[in-house]
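For clarity, every value in this text was computed on a predicted model and none was experimentally measured.
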Amino acid sequence: MSAPPLKKPTVTEREARQVAEAAREQDWRKPSFAKELFLGRFRLDLIHPHPLPSDEAVRRGEQFLAKLRDFCETKVDAARIEREARIPDEVINGLKELGALGMKIDPKYGGLGLTQVYYNKALALVGSASPAIGVLLSAHQSIGVPQPLKMFGTDEQKQRFLPRCATTAISAFLLTEPDVGSDPARLATSAVPDGDDYVLDGVKLWTTNGVVADLLVVMARVPKSEGHKGGITAFVVETDSPGITVENRNAFMGLRGIENGVTRLHQVRVPAAHRIGPEGAGLKIALTTLNTGRLSLPASCVAAGKWSLKIAREWSAAREQWGKPIAHHEAVGAKISFIAATTFALEAVLDLSSQMADEDRNDIRIEGALAKLIASEMGWRMADELVQIRGGRGFETAESLAARGEKAVPAEQLLRDLRINRIFEGSTEIMHLLIAREAVDAHLTVAGDLIDPDKSLQDKAKAGANAGVFYAKWLPKLVAGPGQLPSSYSEFKQGGVDLSPHLRYVERHARKLARSTFYAMSRWQGRMETKQGFLGRIVDIGAELFAMSAACVRAELLRSRGEHGREAYQLADTFCHQSRIRVDELFTRLWSNTDDLDRKVVKGVMAGSYEWLEQGIVDPSGDGPWIADATPGPSEKENLHRPIR
């Protein structure tokens with residue numbers, strides 16, 4: 001007998017946190033450079049010498065990149081994709097023939113078997129031609145069917161689905177719902193067991209690739225019943241299954257060519273054999289998949305930085321003002337320097353994180369999250385600076401520029417396309433909380449029971465004793481370190497550029513970061529999780545220190561290989577100087593900020609105290625609810641599903 005349908009869950013904040021906590025990977029079986037950094041330990045040995053791909057991985061990757069570059073240059077019309085807000089079918093079919101759908105899939109299933117390093121290089125290349133194509137390929141492989149099956153699928157599932165995903169079948173990932181974003185505890189889509197099947201009901205929002213997908217990864221809640229553990233569970237679902245309707249193709253300020261929609265599932269029967277992992281493991285599967293899946297976003301940001309640098313260089317040499325090229329005016333030159341140095345650092349972060357993911361020697365859950373965080377924020381800033389350098393032409397569309405006889409430079413499109421990266425796959429604010437939770441994991445492991453209101457006095461006493469032992473050993477190590485010795489890291493020198501002071505800075509400030517975190521936990525204890533401003537700054541400091549480390553290690557790698565070592569050292573040196581200014585400011589803002597004042601103003605805003613400030617305008621918004629109704633049931637709309645054949 002099947003279980004009854006689920007009612008829409010209502011959960012408390014505490015219950016939501018418990019669901020998120022249960023989905024976390026609890027253990028640290030492998031070392032993590034970033035985790036150690038947050039604990040005040042600068043483990044340079046984990047990233048230096050810089051890890052490198054094998055000769056075979058390089059050969060295979062470069063061979064594919066050459067084919068992909070030719071395809072992008074001869075078959076992709078980026079202006080047409082932007083104008084028509086759609087990737088032409090012939091382009092998608094061309095990508096299929098090229099093998100681009102199977103870049104990360106093992107050759108035994110018909111894929112190319114590229115490493116994470118070369119997969120990201122490919123995404124950067126194709127994303128520079130058209131960001132919409134980059135999103136199509138990354139949504140399919142980074143979070144769609146191939147990655148979850150690679151990590152958690154059965155042999156039968158891999159044999160059944162991966163050959164299709166490698167060649168013809170586009171996949172999508174369905175988690176978000178109209179009223180559920182980063183709080184999956186409220187997930188309403190249900191999967192009710194019925195014999196050898198599950199019956200799925202619900203509505204999914206922002207299903208990237210969903211409009212054209214052949215296969216879906218769907219997250220749905222299985223009700224607990226006899227023989228069924230229940231919980232949020234992952235399924236592979238055929239998009240042409242009866243009861244699936246793509247009700248809307250969504251349109252956005254940027255990425256106009258992506259096939260993103262609203263998908264309704266009504267009484268959709270899915271064989272139990274298509275369940276990925278056990279019941280209740282869906283969120284853990286999603287989060288684990290995203291550890292490396294998030295690296296696709298830094299790839300697009302690196303591509304944006306490289307293009308921004310090219311355009312800034314060419315335009316700033318051609319445009320003269322007050323008797324000289326604008327690049328030679330300090331106000332513009334500072335922006336060009338920022339773009340160049342930041343692009344170098346972001347590529348260093350991306351390549352280092354990707355190579356560590358390939359080697360699987362380190363746990364990169366924090367590194368991948370930090371890479372996504374800093375790349376999405378800095379990528380947006382670089383695009384904004386490019387628009388500023390271009391002036392009025394930066395605000396003008398490429399089509400308009402071409403119409404009046406000038407080079408069609410889509411700078412404003414870049415700004416629009418990149419803006420979503422600060423929201424995609426974990427908004428900046430959610431990334432701050434996610435990374436902060438991992439950063440304080442060691443503290444919560446030894447002292448968590450001390451601040452848990454549900455624990456008994458006996459449990460708290462035991463936790464206090466354990467914490468005392470841990471901190472007695474840990475705190476003295478935060479007092480002094482190699483960062484205070486002038487000779488430390490002396491091998492990081494090239495000509496007249498010396499990067500060793502920056503690495504000593506990282507070591508000293510990693511210890512300072514750990515001390516600050518400990519002080520905050522001692523001060524706020526159980527209220528620490530509510531101090532989101534503080535936690536965000538802690539994470540941003542860690543991201544900057546990670547990027548500085550990666551930039552220095554990459555510069556030394558290039559020097560040792562005779563590949564632009566002098567220039568790489570200059571870029572790393574400049575980035576580190578810029579980063580240190582940001583880090584110093586962030587440390588100041590840990591304790592000197594407007595967080596308390598902001599909370600008071602927010603209370604006033606929400607109480608209506610400042611409604612008078614809103615007078616004197618008209619609101620051009622249309623009518624309708626803030627959140628669309630997502631009540632399960634049959635669809636009353638035309639099915640907009642459009643498979644590419």
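The salt bridge (Lys or Arg N to Asp or Glu O under 4.0 Å) pairs that include a residue from residues 123-140 number zero, where partners must be two or more places apart or lie in different chains. Residue pairs meeting the side-chain hydrogen bond (donor to acceptor under 3.5 Å, both in side chains) criterion with at least one partner in residues 615-634, sequence neighbours excluded, are Asp619-Ser621, Asp629-Thr631. Applying the salt bridge (Lys or Arg N to Asp or Glu O under 4.0 Å) definition to pairs two or more places apart or across chains, those involving residues 379-395 are Lys335-Glu385, Arg393-Glu406.
Remark: Asp540 pairs with no residue by the salt bridge (Lys or Arg N to Asp or Glu O under 4.0 Å) rule, at least two apart or across chains. Partners of Asn248 by side chain to side chain contact (heavy atoms under 4.5 Å, CB included), not counting sequence neighbours, listed by chain and number: Asn250, Val262. For the salt bridge (Lys or Arg N to Asp or Glu O under 4.0 Å) test, no residue two or more places apart in sequence or in another chain qualifies with Arg419. In this structure Ala334 satisfies the side chain to side chain contact (heavy atoms under 4.5 Å, CB included) test with no other residue, sequence neighbours excluded. For Glu90, the salt bridge (Lys or Arg N to Asp or Glu O under 4.0 Å) criterion is met by Arg80, not counting sequence neighbours. Every residue was checked against the side-chain hydrogen bond (donor to acceptor under 3.5 Å, both in side chains) condition with Thr343, not counting sequence neighbours, and none meets it. Listed by chain and residue number, Trp322 satisfy the ring-ring contact (aromatic ring centres under 6.0 Å, His included) test with His329 (two or more places apart in sequence, or in another chain). When the salt bridge (Lys or Arg N to Asp or Glu O under 4.0 Å) test is applied to Arg294, no partner is found at least two apart in sequence or on another chain. In this structure, Ala78 has no side chain to side chain contact (heavy atoms under 4.5 Å, CB included) partners at least two apart in sequence or on a different chain.
A donor-acceptor contact closer than 3.5 angstrom links the side chains of Glu544 and Ser579. With no hydrogens or angles considered, no side-chain donor-acceptor pair links Ser142 and Gln147 at under 3.5 Å.
Put simply, the side chain of Arg221 does not reach to within 4.5 Å of the side chain of Thr233, judged on heavy atoms. Side-chain contact between Ser296 and Ile143 is absent, with no heavy-atom pair separated by less than 4.5 Å. Counting only heavy atoms from C-beta outward, the side chains of Val539 and Leu373 approach each other to under 4.5 Å. Proximity of Pro178 to Val203: side-chain heavy atoms (C-beta onward) are separated by under 4.5 Å at one or more points. Counting only heavy atoms from C-beta outward, the side chains of Arg86 and Ile81 never approach each other to under 4.5 Å. Side-chain atoms of Val349 and Ser353, non-hydrogen and from C-beta on, do get closer than 4.5 Å to each other. Between Ile326 and Trp315, the closest side-chain pair of non-hydrogen atoms falls below 4.5 Å. Side-chain contact between His432 and Thr428 is present, with heavy atoms from C-beta onward closer than 4.5 Å.
Considering OG of Ser516 and CZ of Phe534, their distance stands at 6.0 Å, rounded to 0.5 Å. Rounding to the nearest 0.5 angstrom, the gap separating the CD atom in Gln267 from the CG atom in Leu265 is 11.0 Å. The distance from atom OG of Ser138 to atom CZ of Phe424, rounded to the nearest 0.5 Å, is 7.5 Å. Rounding to the nearest 0.5 angstrom, the gap separating the CD1 atom in Ile541 from the CG atom in Leu586 is 5.0 Å. We find the CG-CG distance between Leu297 and Leu123 to be 9.5 Å, quoted to the nearest 0.5 Å. In this structure, Asn93 CG and Lys75 NZ are separated by 12.5 Å, a value rounded to the nearest 0.5 Å.
Within 6.0 Å of atom CZ in Phe252, more than 12 heavy atoms from other residues, nucleotides or ligands are found, so the atom counts as buried in its surroundings. Within a 6.0 Å radius of CH2 in Trp206, other residues, nucleotides and ligands contribute 12 heavy atoms or fewer. Annotation for Met606: atom CE does not count as buried by contact number, only 12 or fewer foreign heavy atoms lying within 6.0 Å.
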*List the steps and the verdict of side chain to side chain contact (heavy atoms under 4.5 Å, CB included) for Phe338 and Met378.*
CA-CA 10 Å; Phe338 167 75; Met378 289 300 189; 4.0 Å; yes
_Could you walk me through whether Ile92 and Val212 satisfy the side chain to side chain contact (heavy atoms under 4.5 Å, CB included) test, starting with their C-alpha distance in whole Å, then the side-chain angles of each, then the deciding distance to 0.1 Å, before giving a yes or no?_
CA-CA 11 Å; Ile92 297 178; Val212 297; 5.5 Å; no
_Go through it in stages, so that I can follow the logic: the residues are Glu377 and Arg422, the test is salt bridge (Lys or Arg N to Asp or Glu O under 4.0 Å), and I'd like the CA-CA distance, side-chain angles, deciding distance and then a yes or no._
CA-CA 6 Å; Glu377 290 294 324; Arg422 298 173 65 202; 2.9 Å; yes
*Under the salt bridge (Lys or Arg N to Asp or Glu O under 4.0 Å) rule, what do Asp595 and Arg589 come out as? Steps first, then yes or no, please.*
CA-CA 10 Å; Asp595 291 352; Arg589 289 177 56 213; over 6 Å; no
*Please test Gln321 against Arg319 for side chain to side chain contact (heavy atoms under 4.5 Å, CB included), starting from the C-alpha separation and ending with a verdict.*
CA-CA 7 Å; Gln321 192 160 331; Arg319 176 74 164 113; 4.0 Å; yes
*asked:* Does Asn639 form a side chain to side chain donor-acceptor pair (under 3.5 Å) with Thr245? I'd like the steps, not just the answer.
replied: CA-CA 5 Å; Asn639 188 2; Thr245 306; 5.1 Å; no
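The two residues Asn209 and His140 have their closest heavy-atom pair at ND2-N, 3.5 Å. For the pair Glu425 and Gly293, the tightest heavy-atom approach, listed with the atom from each and the gap, is OE1-O, 3.6 Å. Closest approach of Ala85 and Arg249 over heavy atoms only: O-NH2, 2.8 Å. For the residue pair Ala303 and Ala124, the shortest heavy atom distance occurs at CB-O, 3.2 Å. When all heavy atoms are compared, the tightest approach of Ser171 to Val145 is OG-N, 3.1 Å. In terms of heavy-atom proximity, Ile339 sits nearest to Met382 at O-SD, 3.6 Å.
A salt bridge does not link Arg186 with Glu177: none of the charged nitrogens is closer than 4.0 Å to a carboxylate oxygen. A salt bridge does not link Glu399 with Arg83: every distance from a Lys NZ or Arg NE/NH1/NH2 to an Asp or Glu carboxylate oxygen is 4.0 Å or more. Remark: Asp89 engages Arg642 in a salt bridge, criterion side-chain N to carboxylate O under 4.0 Å. Under the 4.0 Å criterion applied to side-chain N and carboxylate O atoms, Arg645 and Asp214 are assigned as salt-bridge partners. By the 4.0 Å N-to-carboxylate-O rule, Glu396 lies close enough to Arg404 to be salt-bridged with it. A salt bridge does not link Asp598 to Lys603: none of the charged side-chain nitrogens sits closer than 4.0 Å to a carboxylate oxygen.
Of the candidates Leu200, Leu216, Val218, Leu216 is the only one forming a side chain to side chain contact (heavy atoms under 4.5 Å, CB included) with Ile244.
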